[in-house]
Amino acid sequence: MNRFTTRPLDPRKDAELVHGWVTHPKSGYWMMQDASLTDVEREYMAIAAAEHHDAFIGLHGSTPAFLMERYDPAHVELKGLYDPEPGDVGMHFLVAPTDTPVHGFTRAVITAVMTELFADPATRRVVVEPDVRNTAVHALNKAVGFEVVRELAKPEKTALLSVCTRAAFEGARR
């Protein structure tokens with residue numbers, strides 16, 4: 001299950017695939033349930049053009065299996081909402097919805113995402129801001145070393161600001 005790779009998301013080629021993922025009923029916390037295909041393409045065109053935000057398709061073998069976004073939280077998502085530290089990297093991930101879930105797959109995906117982010121020696125902490133009601137992702141975050149900092153009021157949600165240091169991630173993997 002550890003054969004994960006990522007490639008840059010191509011907004012034109014990947015819009016239909018990603019649209020199916022982000023509008024799926026199981027992807028409610030992604031907050032794109034009513035997005036049209038054009039909306040998704042525009043969103044990822046904007047991310048592709050952004051200086052401080054990147055999107056990737058995660059592959060399991062050769063099969064698209066997850067979406068990963070990496071961003072600079074000092075400039076995107078959390079700008080002005082927390083005190084960023086040097087080496088902070090923001091992250092979002094979404095596992096492709098399936099009717100045949102594989103036990104442990106989502107944890108393997110978040111582990112692969114974190115491994116990818118910490119592969120950059122400049123990354124000191126990964127910062128996330130999931131919805132406070134998303135208890136499933138809170139459990140996953142805790143399992144890979146995230147610690148809750150505080151609740152955070154964002155325009156679109158109340159988030160649970162959490163951080164994971166490199167040492168905490170490595171400790172969680174043992």
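Residues: numbered from 1 along the sequence shown. Remember, it's a predicted structure, so these values are computed and weren't measured experimentally.
- For Phe146, the ring pair (Phe, Tyr, Trp, His ring centres under 6.0 Å) test picks out no residue, with sequence neighbours left out.
- Aromatic ring centres of Phe105 and Phe4 lie closer together than 6.0 Å.
- In the hydrophobic clustering of ILVMFWY residues, with side-chain heavy atoms under 4.5 Å counting as a link, Leu94 and Leu140 come out apart.
- Between the CG atom of Asn141 and the OG1 atom of Thr135 there is a distance of 11.5 Å, given to the nearest 0.5 Å.
- Panel note: side chain Glu147, backbone Ser162; no donor-acceptor pair is recorded below 3.5 Å.
- Atom CD of Glu16 is surrounded by 12 or fewer heavy atoms from other residues, nucleotides or ligands within 6.0 Å.
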What's the verdict on side chain to side chain contact (heavy atoms under 4.5 Å, CB included) for Trp21 and Val40, showing C-alpha distance, side-chain angles and the deciding distance?
CA-CA 10 Å; Trp21 293 354; Val40 171; over 6 Å; no
Would you mind writing out the side-chain donor-acceptor pairs for residues 110-123 within the sub-3.5 Å range, not counting sequence neighbours?
from, atom 1, to, atom 2, distance (Å)
Thr111, OG1, Arg107, O, 2.8
Thr115, OG1, Thr111, O, 2.8
Thr115, OG1, Arg173, NH1, 3.4
Asp120, OD1, Ala122, N, 2.8
Thr123, OG1, Leu117, O, 3.1

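- Residue Pro11 comes nearest to Glu41 through the heavy atom pair O-CG, 3.8 Å, listed as atom of the first residue, atom of the second, then distance.
- Nearest heavy-atom pair across Gly58 and Thr6 is CA-CG2, 4.2 Å.
- For CZ of Arg7, the number of neighbouring non-hydrogen atoms (other residues, nucleotides, ligands) closer than 6.0 Å is greater than 12.
- By the criterion of side-chain heavy atoms lying less than 4.5 angstrom apart, applied directly or through intervening Ile, Leu, Val, Met, Phe, Trp or Tyr residues, Val109 is grouped together with Phe56 in one hydrophobic cluster.
- Criterion: ILVMFWY side-chain heavy atoms under 4.5 Å apart, direct or through other members. Under it, Val137 and Val89 are part of a common hydrophobic cluster.
- Taken to the nearest 0.5 Å, the CD1 atom of Ile57 stands 5.5 Å off from the CG atom of Leu67.
- The list of salt bridge (charged side-chain N to carboxylate O under 4.0 Å, His left out) pairs with a residue in residues 48-62, not counting sequence neighbours, reads Asp54-Arg70.
- Taking CD of Glu43 as the reference point, atom OG1 of Thr38 lies at 13.0 Å (rounded to 0.5 Å).
- Checked against salt bridge (charged side-chain N to carboxylate O under 4.0 Å, His left out), Arg150 has no partners two or more places apart in sequence or in another chain.
- For His53, the ring pair (Phe, Tyr, Trp, His ring centres under 6.0 Å) partners at least two apart in sequence or on another chain are Tyr71.
- The two residues Pro130 and Val128 make their nearest non-hydrogen contact at CD-C, 3.5 Å.
- Proximity of a side-chain donor or acceptor of Lys157 to a complementary backbone N or O of Tyr29 within less than 3.5 Å is not detected.
- When every heavy atom of Gln33 is checked against every heavy atom of His24, the shortest pair comes out as NE2-O, 3.0 Å.
- In this structure, CG in Leu160 is found 5.0 Å from NE2 in His138, a value given to the nearest 0.5 Å.
- Between Val22 and Ser27, the closest heavy-atom pair is O-CB, 3.9 Å.
- To the nearest 0.5 angstrom, His92 atom NE2 is 12.0 Å from Met68 atom CE.
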Can you give me every donor-acceptor pair (side chain of residues 72-82, partner residue at least two apart or in another chain, under 3.5 Å) with its distance?
from, atom 1, to, atom 2, distance (Å)
Asp72, OD1, Ala74, N, 2.9
Glu77, OE1, Lys154, NZ, 2.4
Tyr82, OH, Asp88, OD2, 2.7

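- Under the 4.5 Å side-chain heavy-atom criterion for Ile, Leu, Val, Met, Phe, Trp and Tyr, Ile47 and Phe93 are members of distinct hydrophobic clusters.
- Of all the heavy atoms in Val95 and Phe66, the pair that sits closest is CA-CB, 4.0 Å.
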